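In what follows, every chain begins at residue 1, and chains take the letters A, B, ... in the order their sequences are listed. Not measured: the values here are computed from a predicted model.
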2 protein chains.
Amino acid sequence: MDAFAALADPVRRDLVSRLANGSARVVDLAGEHAISRPAISRHLRVLGEAGLVAADDVGRERHYRLERTGLAPVADYLAALEPQPRFDDSVLDGLDLEVRRAVRDRTGTDAIIHTTTEETA
Amino acid sequence: MDAFAALADPVRRDLVSRLANGSARVVDLAGEHAISRPAISRHLRVLGEAGLVAADDVGRERHYRLERTGLAPVADYLAALEPQPRFDDSVLDGLDLEVRRAVRDRTGTDAIIHTTTEETA
DNA sequence: CAGATCGGTAACCGTTAGGTTACCAATGTG
DNA sequence: CACATTGGTAACCTAACGGTTACCGATCTG
């Protein structure tokens with residue numbers, strides 16, 4: 001099950017939100033979620049398969065933690081829905097030439113396009 | 001069906017992506033998606049209920065278009081999972097304003113906006 | 001060792017999701 | 001008007017989802 005399908009379930013979203021505040025054991029999560037422990041366990045397995053959660057075994061306990069990299073597909077998808085997915089330089093056209101010229105002149109570091117960041121007066 | 005569940009289906013994600021490039025009719029979308037037109041129609045209804053898609057009636061045709069504000073719950077959820085809730089997510093930059101506005105506007109359904117903010121006493 | 005705790009898995013069950021075909025209303029066009 | 005086009009809906013079916021209880025192994029602890 002992919003990340004989208006995994007996050008379609010409100011219980012799993014709660015679990016992910018919960019784990020964003022720190023890792024937890026299955027019993028802890030089950031104690032907070034009104035449904036049975038096996039149900040929580042299976043939700044965690046789904047989240048694990050989606051790459052959203054990972055576990056560390058500590059003795060007989062299993063500490064689940066959020067795996068934020070698993071959120072990448074979702075974030076990427078949202079980003080791709082932006083009106084202009086490309087960098088729109090047109091707004092800065094006026095500055096653009098000067099920026100490039102300055103970069104050429106200096107040639108020191110690579111500097112490249114940090115855009116409007118370095119504006120020391 | 002909320003936005004998360006709506007986006008859980010790959011066909012619906014395709015439809016949303018497709019509509020991000022411009023509106024389209026049901027027959028057009030059906031012609032691109034290998035499944036039957038009624039199936040597409042129902043997917044569009046689901047997307048509409050989730051606030052992800054809207055339609056303009058033009059004669060006997062119905063032009064579907066992407067409703068980006070419907071993405072607010074998802075973007076908001078992702079933002080809430082950030083390690084430190086700074087508003088520095090370049091990925092979600094464009095959505096940010098729409099997120100805030102949509103949260104104000106909609107507030108209907110479950111929306112999930114409160115995300116675990118209300119700490120237990 | 002005996003027993004409690006932690007956690008995964010299997011079996012079962014009701015509900016829902018998503019596909020199909022068939023049908024219907026509404027609108028454009030010869 | 002006759003008919004094609006567009007698109008929504010209903011009925012139906014299969015597969016999957018998500019819950020439960022029961023059971024098992026593994027690990028701490030008296």
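- Between dC17(D), dC6(C), dT6(D), one nucleotide has an atom nearer to the side chain of M1(A) than all others, and that is dC17(D).
- Within the 4.0 Å cut-off from OP1 or OP2 of dT9(C), at least one side-chain nitrogen or oxygen of R45(A) is found.
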Write down the protein N/O and nucleotide N/O pairs, taken from nucleotides 19-21 of chain C, whose separation is under 3.5 Å; answer none if there are no such pairs.
| unit_1 | atom_1 | unit_2 | atom_2 | d |
| --- | --- | --- | --- | --- |
| dG19(C) | OP2 | H43(B) | NE2 | 2.3 |
| dG19(C) | N7 | R42(B) | NH2 | 2.6 |
| dG19(C) | O6 | R42(B) | NH1 | 3.1 |
| dG19(C) | O6 | R42(B) | NH2 | 3.2 |
| dT20(C) | OP2 | S36(B) | N | 2.8 |
| dT20(C) | OP2 | S36(B) | OG | 2.5 |

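- In this structure, OG on S23(A) lies 8.0 Å from CZ on R18(A), to the nearest 0.5 angstrom.
- Put simply, the side chain of L15(A) reaches to within 4.5 Å of the side chain of H33(A), judged on heavy atoms.
- Considering only heavy atoms from C-beta on, R62(A) comes within 4.5 Å of D57(A) through its side chain.
- Of the possible donor and acceptor atoms, one in the side chain of Y77(A) sits under 3.5 Å from a partner among the backbone N and O of R13(B).
- Distance CD/E67(B) to CZ/R65(B): 5.0 Å, rounded to 0.5 Å.
- OP1 or OP2 of dG8(D) sits under 4.0 Å from a side-chain N or O of R62(B).
- Between L19(A) and L47(A) there is no side-chain heavy-atom pair separated by less than 4.5 Å.
- Within the structure, a side-chain polar atom (N or O) of Y64(B) is placed less than 4.0 Å from OP1 or OP2 of dG8(D).
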Protein-nucleic acid N or O pairs under 3.5 Å, nucleotides 27-30 of chain D:
| unit_1 | atom_1 | unit_2 | atom_2 | d |
| --- | --- | --- | --- | --- |
| dT27(D) | O3' | R60(A) | N | 3.3 |
| dT27(D) | O2 | R60(A) | NH1 | 3.2 |

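- Under the 4.5 Å side-chain criterion, counting only non-hydrogen atoms from C-beta, L7(A) is not in contact with L7(B).
- Contacts of residues 50-57 of chain A with DNA chain D (heavy atom under 4.0 Å): none.
- OP1 or OP2 of dG7(C) has not a single side-chain nitrogen or oxygen of S41(A) nearer than 4.0 Å.
- Interatomic distance, CZ of R68(B) versus CG of L81(A), reported as 7.0 Å (0.5 Å rounding).
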